Amino acid sequence: MQAIIQNFFNVGIVLHVWPLLLKGLLLTAELVLVVVPVGAVVGLLVATLYSFHVRWLNAILIAYVDLLRAFPPLVLLILIYFGMPFLNVNLPAFMAAALALFLNGSSYYGEIFRAGIESIGAGQWEAARSTGLTRLQTLTWVILPQAIRNVIPPLATNTLELIKATSIASVVAFPELLRSARIAQGLVYNPTPLMVAALIYFILLWPLVRVLSRLERRLIN
Amino acid sequence: MGQILYYYFNLDVIWRYLPDMLGGFLVTLSMAALVVVLGIVGGLVLAVLRAFRVRPLNWLMIFIVDAFRAVPPLVIMVFVYFALPYVGLSLSSFAAATLSLTLVLMAFAEEIFWAGITSVDRGQWEAARSTGIGFLGTLVSVILPQAVQLAIPPLTNRAIAITKGTSLASVIAVQEIINRASSAQAQAANPSPLMLGAILYLIIFAPLVRGSRWVEARFGRRR
């Protein structure tokens, strides 16, 4: 017990490394604020383009979505960060991480929005078009509002996963929360900072996890 | 073009590191198999325990399950590998990674199975119990078969996601695909091994991603 408190919940060490962890948390937040909105918007764009049913375009979109969903985000990140410099493309760690997470996230968002749009019956399209709305107007004002409501739970799940995935940026030495905790651990020879980082993730993401449990269960029942 | 071929699809380099990379491929596959089997079985056991509705036990279980769903798997893995040794619990990197991913999948699987169990109509419980089948008998032979059917599509997606998570093990020096690809790249000063690694991942996941669409269509709820 003493050893656990000493090594995982050492208050003196928490106070000592707190500023470092806070800086890491801010960088994690920055990454999230870039990746989630951009990923969602591009995913929506992919799904919208898909709904126009242009055959050659859809082949490309499916390839984009399936290919990127097949790669673990960490693999994308390593390809971008360690593979691209050979073509003289040197991205800083933040950009590389944001790009990898964006590619991964947008493909999942695209797939989710596509499922949402397809869940709306053809009758809605026909009714809206017959009143004189254009295709784009129908999509914007009739289809999407219903489609998005249908896929809120998977959207929230994907957002949670994307937020958690920002921790991979630590691998390319971007000093977000996990990386900061590792640095702090090295400074004080004590793993309390790792525990604190885990607790920060838990406290910030727990509400989202709870809401998701509710949403998913309501969907099944 | 020549430059792209030389750097990314250099057959000499690929040929030299192929045996090593295939070793990594096997490590990834065996870790994934272990994690998926242990995680799903563990999740099912937890969901069954939860069905007994012992209040304090369930609160504890919900708390732990939520924790493993909220904290990034990489953070859990780094914690298990780098922090637990301070209290005398040293695991090999393979064991640490497998344990971490198993716990994460177990948490998600418990939640999915539990959602399946609660979605089976109360009438089914009452009807089965009224025929004289015990609580456990009802759960195992009446409720679970229906619950598991509902759980298959989300469980498939989770299992695929966690299998992708095996790449995180490279961070704690498990010699799986991406770890070996990185070392090979550094040794050869040529990123072709990274492309080879990416192709190996495609070999695993492209069929799985396609297959999950099929599972969705086959087992998913019809609207």
Side-chain angles (χ1 to χ4, degrees), chain A residues 3-4 6-8 65-67 69-76 78-79 82-87 111 115 119 160-161 163-168 170-171 177-178 181-182 185 189-195 197-210 212-213 216-217 219-221, chain B residues 3-4 6-8 62 65-67 69-76 78-79 82-88 111-112 114-116 118-119 150 154 160-161 163-168 170-171 177-178 181-182 185-186 189-191 194-195 197-198 201-202 204-206 208-210 213 216 221 223:
Chain A
I4 288 178
Q6 175 69 30
N7 284 305
F8 296 157
V65 165
D66 277 1
L67 193 67
R69 289 195 310 158
F71 287 121
L74 179 58
V75 175
L76 289 176
I78 287 179
L79 279 176
F82 295 109
M84 290 209 331
F86 287 87
L87 290 180
E111 182 63 12
S119 74
L160 174 67
E161 291 304 313
I163 295 173
K164 292 191 319 190
T166 58
S167 59
I168 63 169
S170 61
V171 175
L177 184 52
L178 176 58
R182 287 281 289 146
Q185 180 201 358
Y189 294 106
N190 180 302
T192 300
L194 282 179
M195 182 52 113
L199 282 175
I200 291 175
Y201 276 113
F202 177 58
I203 291 167
L204 292 180
L205 296 179
W206 197 15
L208 189 53
V209 168
R210 279 284 87 219
L212 265 174
S213 290
E216 274 162 2
R217 205 157 308 148
L219 204 71
I220 285 191
N221 287 341
Chain B
Q3 220 184 3
I4 288 182
Y6 178 78
Y7 280 124
Y8 296 100
I62 292 171
V65 162
D66 278 1
R69 299 202 314 154
V71 179
L74 182 58
V75 175
I76 295 170
V78 166
F79 187 86
F82 292 111
L84 289 188
Y86 284 83
V87 291
E111 190 66 26
I112 290 168
W114 179 245
T118 52
S119 72
L150 282 175
I160 294 174
T163 307
K164 282 186 207 161
T166 56
S167 61
L168 301 175
S170 62
V171 175
I177 295 175
I178 200 68
S182 299
Q185 182 225 234
N190 180 302
L194 289 181
M195 289 313 279
Y201 276 107
L202 266 189
I204 303 177
F205 290 109
L208 289 181
V209 168
R210 294 257 105 190
R213 290 194 174 186
E216 199 97 31
R221 283 161 75 90
R223 286 169 195 273

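The analysis underlying the following values was restricted to heavy atoms, covering all of them including side chains, and did not include hydrogens, waters or symmetry mates. Small disclaimer: the values here were computed from a predicted structure and weren't measured.
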Original post:
So, for A:Ile78 and B:Ile178, which heavy atoms are closest and what is the spacing to 0.1 Å?
Top reply: CD1-CG1, 3.7 Å

**OP:** Heavy atoms only, distances under 4.5 angstrom: which of B:Arg210, B:Met195, B:Gln3 has the most pairs with chain A? Name it, please.
**Re:** B:Arg210

Original post:
If every non-hydrogen atom of B:Leu168 is compared with every non-hydrogen atom of A:Leu74, which pair is closest and at what distance?
Top reply: CA-CD2, 3.8 Å

Subject >> Any side-chain heavy-atom pair of B:Tyr201 and A:Pro72 under 4.5 Å >> reply: yes

Subject >> Engaged part of A:Ile4 at the chain B interface, taking heavy atoms whose separation is under 4.5 Å >> reply: both

**OP:** Report yes if some heavy atom in the side chain of A:Ser213 is under 4.5 Å from a heavy atom in the side chain of B:Arg69; otherwise report no.
**Re:** yes

Original post:
Which atoms of B:Tyr86 come close to chain A, meaning under 4.5 Å heavy atom to heavy atom: side chain ones, backbone ones, both, or neither?
Top reply: both

**OP:** Identify the two heavy atoms, one from B:Ala198 and one from A:Phe71, that lie closest to each other, and give their separation to 0.1 Å.
**Re:** O-CE2, 3.1 Å

Original post:
Using non-hydrogen atoms only, which part of A:Glu111 is less than 4.5 Å away from chain B: side chain, backbone, both, or neither?
Top reply: side chain

Original post:
Hey, do the aromatic rings of B:Tyr6 and A:Phe86 have their centres closer than 6.0 Å?
Top reply: no

**OP:** Tell me, out of A:Tyr189, A:Phe82, A:Phe8, who's got the most heavy-atom pairs with chain B below 4.5 Å.
**Re:** A:Phe8

Original post:
Counting distance only, does the side-chain N/O of A:Lys164 pair as donor-acceptor with the main-chain N or O of B:Val75 below 3.5 Å?
Top reply: no

Original post:
So which of A:Ser167, A:Ala197, A:Ser170 has the largest heavy-atom pair count under 4.5 angstrom toward chain B?
Top reply: A:Ser167

**OP:** For A:Phe202 and B:Ala70, work out which heavy atoms get closest and say how close.
**Re:** CD1-CB, 3.9 Å

Original post:
What part of A:Leu177 lies closer than 4.5 angstrom to a heavy atom of chain B: side chain, backbone, both or neither?
Top reply: neither

Original post:
If every non-hydrogen atom of A:Val75 is compared with every non-hydrogen atom of B:Ser167, which pair is closest and at what distance?
Top reply: CG2-CB, 4.2 Å

Original post:
Using non-hydrogen atoms only, which part of B:Thr166 is less than 4.5 Å away from chain A: side chain, backbone, both, or neither?
Top reply: neither

**OP:** Pick one of side chain, backbone, both or neither for B:Leu194, based on which atoms fall under 4.5 Å of a heavy atom in chain A.
**Re:** both

**OP:** Using non-hydrogen atoms and a 4.5 Å limit, figure out which bit of B:Ser182 sits close to chain A: side chain, backbone, both or neither.
**Re:** side chain

**OP:** Drop me the distance from B:Phe79's CZ to A:Met195's CE, to the nearest 0.5 angstrom.
**Re:** 4.0 Å

Original post:
Which bit of A:Val171 is near chain B, if near means a heavy-atom gap under 4.5 Å: side chain, backbone, both or neither?
Top reply: side chain

Subject >> Portion of B:Ala189 that has a non-hydrogen atom of chain A nearer than 4.5 angstrom >> reply: backbone

Original post:
Of the backbone (N, CA, C, O) and the side chain (C-beta and beyond), which part of B:Leu84 lies under 4.5 Å from a heavy atom of chain A, both, or neither?
Top reply: both

Subject >> Short side-chain to backbone donor-acceptor contact, B:Tyr8 and A:Gly83, under 3.5 Å >> reply: yes

Original post:
Looking at A:Leu79, A:Asp66, A:Leu194, which has the largest count of heavy-atom pairs under 4.5 Å with chain B?
Top reply: A:Asp66

**OP:** Test A:Arg210 against B:Ile62 for side-chain contact (heavy atoms from CB on, under 4.5 Å), laying out the working first.
**Re:** CA-CA 10 Å; A:Arg210 279 284 87 219; B:Ile62 292 171; 3.5 Å; yes

**OP:** Tell me, please, whether B:Phe205 has A:Arg69 positioned over its six-membered ring: NZ or CZ under 6.0 Å from the ring centre and within 45 degrees of its axis?
**Re:** no

